[in-house]
Amino acid sequence: MKDVTFSNCKFSSDMVPYMYAELSAAETSSFESHLLECTACTDEFASLSIARFEVYDWKKVEFDGLETPVFSIPFESSADAAPSWIDKLRAAFSAGWAVPTVAFAGLAVVCVFAGILVSTRNNADVAADLRDTRTTAENPAVETAAAVVEPGPSLNSSKAETRAKSQFRAINASAAKRVQSRRVPRSASPSNLWELKERSARNFQKNVPRLNEFVEDEDTSLRLAELFDDVGTRN
Amino acid sequence: MLTDLTDEKLVELAVLKNSEAFGEIVKRWERKIFALCFGMLGREDDARDAAQETFIAAYRNIANFRGEAKVSSWLHRIAVNQCLTTKRRAKTRSEDFLGDEFGEEDRVFVAPAHRSPANTTEATERLTIVRQAVSSLPVDLRQVIVMKEFEEMTFQEISETLDLPLSTVKSRLYTALRQLRLKLDRVPLEIS
């Protein structure tokens with residue numbers, strides 16, 4: 001038998017884990033074999049076991065039989081805890097400034113885009129209207145179509161027909177220009193629209209018609225029908 | 001009086017077939033051997049059976065005791081052997097009940113199950129002593145032993161909870177048990 005004291009025994013560190021069954025199977029077997037050979041470790045283990053068992057017995061007698069106490073928490077009733085509008089607002093913002101900030105920012109962005117879209121359409125309409133005004137001023141065929149003089153008795157049917165056709169072509173050309181002018185180019189940027197708006201405003205100021213200078217016959221479709229009717233009857 | 005004799009003297013008398021002398025040995029070491037068996041097996045029932053078999057084996061082999069070691073060490077070694085045997089039995093799931101193999105005289109050494117008022121008083125006093133001994137431990141030692149025994153935490157869990165190295169936790173528990181043992185030794189713990 002080895003004459004070894006507990007303090008210098010290499011298995012001394014395994015004693016407490018062995019007592020609480022926290023050694024591996026190999027370590028347990030090794031320690032148990034050592035206990036059979038080492039008196040110092042066996043006596044020390046017995047000494048610790050006595051102390052441990054006394055604590056265990058004390059716990060079993062004075063603690064294990066105790067009932068777990070029931071803890072009552074003084075929660076507030078639903079009536080007392082009714083939140084005021086200030087509390088609700090505080091709760092909404094207490095959840096974090098990110099949510100309302102993001103919502104407000106999103107709303108602002110939507111409003112800005114809506115405003116840009118509306119202004120873009122307005123600019124396109126203004127530009128189209130100004131182009132129409134300039135076209136009618138530059139194209140006397142349209143004006144003369146309104147002021148077609150009643151053919152005299154000396155005018156024959158072929159000349160009237162030719163004149164009607166030329167007037168019809170002029171009307172179609174002006175209508176086509178009007179349609180083209182109303183198409184807002186996709187590549188139009190806000191800056192281009194702004195320039196267009198400026199230009200159209202300037203042109204509009206130059207070409208602001210007076211009340212008494214408006215051409216009476218704006219509705220060329222009616223004039224066209226009348227012209228064709230006139231041609232048909234002439235024959 | 002047998003209570004005034006040393007353990008070695010009692011063994012000498014027991015070798016001469018003095019059953020009362022061996023009974024005194026059992027009375028002195030019953031609880032401690034029971035605690036040792038509990039420390040090895042972890043269960044009261046198994047520890048009780050192992051302790052009984054320890055004393056039976058000691059009585060049967062008392063003639064082989066040469067006096068080279070202390071009686072306590074001799075009994076400890078027998079108890080360790082019995083506990084390991086119990087563990088092997090539990091593994092192979094074969095019960096070897098020794099109670100039927102022995103005669104009437106062996107039953108003298110079985111731990112008495114009856115509780116006399118004196119025993120109850122002694123038990124109460126012992127619990128008070130243990131409580132005071134644990135309370136008198138330093139906080140860091142008391143903390144570890146309470147977490148281990150009352151909360152049944154593993155060493156790893158205690159280490160993480162207290163933010164201490166694993167070796168420190170084991171060392172503190174060892175120190176706590178040693179200090180408790182010294183405190184309890186100052187007040188003799190009577191066998192119940």
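Any value given below was found using the heavy atoms of this structure, including those in side chains, with hydrogens, waters and symmetry copies removed. Residue numbering restarts at 1 for every chain, and letters A, B, ... go by the order of the sequence lines. None of the values given here were measured: they were computed from a predicted structure.
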Quiz item: What are the two closest heavy atoms between A/Ser49 and B/Gly39, and how far apart are they?
Solution: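 Minimum heavy-atom contact is OG-CA, 4.0 Å.
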Self-check item: Where B/Phe155 and A/Pro17 come nearest, the two heavy atoms and their spacing
Solution: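 Closest heavy-atom pair between B/Phe155 and A/Pro17: CE1-CA, 3.8 Å.
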Self-check item: Interchain contact, B/Ile145 with chain A, by part (heavy-atom threshold 4.5 Å)
Solution: side chain
Quiz item: What part of B/Leu84 gets closer than 4.5 Å to chain A, counting heavy atoms only: side chain, backbone, both or neither?
Solution: side chain
Counting only heavy atoms not in [X] (residues, nucleotides, ligands), do more than 12 fall under 6.0 Å from its [atom1]?
X	atom1	result
B/Glu20	CD	no
B/Arg131	CZ	yes
B/Asp4	CG	yes

Note, [X] side chain near [Y] side chain (heavy atom, < 4.5 Å):
X	Y	value
B/Met40	A/Phe45	yes
B/Arg181	A/Leu48	no
A/Val55	B/Leu180	yes
A/Met15	B/Leu177	no
A/Tyr20	B/Glu152	no
B/Leu173	A/Met19	no

Quiz item: Between B/Lys170 and A/Glu22, does at least one N-O distance fall below 4.0 Å, as a salt bridge requires?
Solution: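 Salt bridge: no.
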Quiz item: Hey, is B/Arg31 close enough to A/Glu54 for a salt bridge, meaning N to O under 4.0 Å?
Solution: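 Salt bridge between B/Arg31 and A/Glu54, a charged N being under 4.0 Å from a carboxylate O: yes.
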Practice problem: Enter the distance from A/Lys59:NZ to B/Leu127:CG here, rounded to the nearest 0.5 Å. | Solution: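 One finds 13.5 Å between NZ of A/Lys59 and CG of B/Leu127.
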Exercise. Hey, could you give me the CG/OG distance between B/Leu182 and A/Ser47, rounded to the nearest 0.5 Å?
Key: 7.5 Å
Quiz item: Applying the side-chain hydrogen bond (donor to acceptor under 3.5 Å, both in side chains) test to B/Arg77, which of A/Thr42, A/Thr39, A/Asp43 qualifies?
Solution: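 The single option meeting the side-chain hydrogen bond (donor to acceptor under 3.5 Å, both in side chains) with B/Arg77 is A/Thr39.
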Quiz item: Mind checking whether A/Tyr56 and B/Phe38 have parallel, tilted or perpendicular rings, split at 30° and 60°?
Solution: tilted
Quiz item: Among B/Gln156, B/His76, B/Lys70, which residue forms the greatest number of heavy-atom pairs with chain A at distances under 4.5 Å?
Solution: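 Of the options given, most contacts go to B/His76.
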Side chain, backbone, both or neither: which part of [X] has a non-hydrogen atom closer than 4.5 Å to chain B?
X	value
A/Ser33	neither
A/Asp57	both
A/Ala46	both

